[in-house]
2 protein chains.
Amino acid sequence: MDTAPLKPMRADAVKNRAKILEAARIELELHGTECSLDMIAKRAGVGPGTLYRHFPTREDLLGELLHTWVTGVQADADAATGEHWDDVLDWLVRLADQAMTYRGLAGTMAATESDESSPLRSAHAAVLDANDQVFTRASLAGVIGSSFDTAEICRLVTGVAMIAEQADLSAAQLRSMLAIILNGLTQESPHR
Amino acid sequence: MDTAPLKPMRADAVKNRAKILEAARIELELHGTECSLDMIAKRAGVGPGTLYRHFPTREDLLGELLHTWVTGVQADADAATGEHWDDVLDWLVRLADQAMTYRGLAGTMAATESDESSPLRSAHAAVLDANDQVFTRASLAGVIGSSFDTAEICRLVTGVAMIAEQADLSAAQLRSMLAIILNGLTQESPHR
DNA sequence: ACCTGAACACCGTTCAAGT
DNA sequence: ACCTGAACACCGTTCAAGT
């Protein structure tokens, strides 16, 4: 179930699709998720109609590019033992950094979070899965209690990524905010 | 220092300015901070040039509208005794709600946070001041330690407001996230 | 001094015409 | 089956012409 099973694409279509994806990657890096689709088409050397044929929506294009992105997120999760508090914090920092790979990415992911039919669905699932792995290990290590809401944690990290991006925060400021959140997650609330 | 001291405006200009502000308020409520300026001008019954004459940038317009908004934020802060943990949490919830008054407001404020010459400067100052008042009271009441970073707290609340808005979260989900943050702020971190 | 609205640039999206 | 590019709608922004 890697690529679509039937209907092999025409040779020129295969080539155009690849050119579009490479052009899109560059434009996304330069101008973020709200970059001009016209520019992508121009950079790829195709007409705007061709771009729309391959990727009917902006999100379809982004979703395709996130396939390799997901690999990086999973690798980051694998690198986190979760044995110590700081290991978990490091993971949260890396996750936030990943969410800032392209300007606007965190916001786009937040906006599509609960859309079951979004092209970003698999990316969301991968992030939730990765975070769950790390926190499950942290829970076994006694760093955090046994009840944690992975979706909520990911939302908090996404929120921090969004402000860090908008307000152009330093790495230290980003880390400090995530430390507060992790602290809030690992301490039992004595209230109510 | 209420209004500009010199050069009284022509009668038609005064009237147009008021019409633009009222139209902008409606459009902002309907379509958020990224609403069409053309629509504002149309709704106000003026040409696009007139809008630009009164408000050279979108932010100038927003900054003007936030003058009354600031009053509400200050009232919310005044209503918070800070004597109990839940009082402080209630304040954070109200602040986040204020940041969601218009769609996109939290994001715009985050983006202009460190811009000294932004038309939103006074709005930022008011928010920082309001939050500082509440947390100072909370500190005196022993709810929180004596060292807290007001700017960082406001950033965290803004971040939560941004995801809540993008992901269309419920009031309960919003409150839960803010509770985690407040918990992280009120507990001493035992780590490094 | 202020207003109008035409004009321009840019962009997303569609679709008839091609191969 | 796929591509092209003209065409349309929409929007931000400017400015010459008006009063």
Side-chain angles (χ1 to χ4, degrees), chain A residues 3-24 26-28 30-65 102-104 107-108 111-112 118-119, chain B residues 3-24 26-28 30-65 102-104 107-108 111-112 118-119:
Chain A
T3 51
L6 290 221
K7 303 204 181 191
M9 286 166 72
R10 235 167 58 179
D12 55 347
V14 172
K15 198 175 271 180
N16 277 336
R17 195 187 149 90
K19 285 197 292 182
I20 289 170
L21 282 171
E22 173 60 9
I26 296 174
E27 288 294 321
L28 277 174
L30 291 175
H31 304 114
T33 56
E34 295 309 302
C35 66
S36 162
L37 298 178
D38 242 46
M39 286 303 158
I40 294 176
K42 275 200 175 56
R43 184 181 287 275
V46 303
T50 303
L51 192 155
Y52 275 83
R53 160 166 272 266
H54 286 282
F55 305 99
T57 72
R58 187 184 290 270
E59 280 176 23
D60 284 314
L61 190 47
L62 182 59
E64 198 60 33
L65 286 173
Y102 305 124
R103 190 151 39 88
T108 304
T112 56
S118 167
Chain B
T3 51
L6 289 222
K7 302 205 180 191
M9 287 168 69
R10 233 167 58 180
D12 55 348
V14 172
K15 198 176 273 182
N16 277 335
R17 195 186 147 88
K19 284 197 292 181
I20 289 169
L21 282 171
E22 173 59 9
I26 296 174
E27 287 295 321
L28 277 174
L30 291 174
H31 304 112
T33 58
E34 295 308 302
C35 66
S36 161
L37 298 178
D38 241 47
M39 285 303 157
I40 294 176
K42 276 200 173 57
R43 184 182 287 274
V46 302
T50 302
L51 192 155
Y52 275 83
R53 160 166 270 266
H54 286 281
F55 306 99
T57 72
R58 187 184 290 271
E59 279 176 25
D60 286 313
L61 190 47
L62 182 59
E64 198 61 33
L65 286 174
Y102 304 123
R103 191 150 38 88
T108 304
T112 56
S118 167

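Here is how names work: the chains are called A, B, and so on, in the same order as the sequence lines, proteins then strands, and each is numbered from 1.
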A:Leu51 CG to D:dC2 P, straight-line distance once rounded to whole Å: 15 Å
Rounded to whole angstrom units, what separation is found between the CD1 atom of A:Ile20 and the C1' atom of D:dT4? 13 Å
Measure CZ/A:Arg53 against C1'/C:dA17 and give the value in whole Å, please. 14 Å
Using Watson-Crick and G-U wobble pairs with both distances under 3.5 Å, what is the 5'-to-3' dot-bracket string of DNA chain D, with [ ] for crossing pairs and | for pairs outside the strand? ||.|||||...|||||.||
Measuring from A:Leu21:CG to A:Asn16:CG, what's the distance to the nearest 0.5 Å? 11.0 Å
Looking at A:His54, I'd like to know whether one of its side-chain N or O atoms comes within less than 4.0 Å of OP1 or OP2 on D:dC2. no
Residues in salt bridge (charged side-chain N to carboxylate O under 4.0 Å, His left out) contact with A:Asp60, at least two apart in sequence or another chain: none
Under the rule for salt bridge (charged side-chain N to carboxylate O under 4.0 Å, His left out), what residues qualify as partners of B:Lys42, not counting sequence neighbours? B:Asp38
A side-chain contact here means heavy atoms from C-beta on lying under 4.5 Å apart; do A:His31 and A:Ser36 qualify? no
Can you tell me how far P of D:dA1 sits from CE of A:Met9, to the nearest Å? 13 Å
Do B:Phe55 and B:Leu37 have side chains that approach each other closer than 4.5 Å (heavy atoms only, starting at C-beta)? no
Could you identify which residues of residues 10-17 of chain B place a heavy atom less than 4.0 Å from some atom of DNA chain D, listed by residue number, or say none? none
Residues forming a salt bridge (charged side-chain N to carboxylate O under 4.0 Å, His left out) with B:Arg43, sequence neighbours excluded: B:Glu27
When you check every protein heavy atom under 4.0 Å of nucleotides 5-14 of chain C, what one-letter string (B, S, -) results, 5' to 3'? BB----SSBB
Would you indicate whether the side-chain heavy atoms of B:Cys35 and B:Ile40 approach each other to under 4.5 Å? yes
To the nearest 0.5 Å, atom CE of A:Met39 lies from atom CG of A:Leu30 at 11.5 Å
Is any side-chain heavy atom of B:Thr33 closer than 4.5 Å to a side-chain heavy atom of B:Arg58? no
Any heavy-atom pair between the side chains of A:Leu61 and A:Leu28 that's under 4.5 Å? no
To the nearest 0.5 Å, tell me how far B:Glu64 CD sits from B:Leu62 CG. 10.5 Å
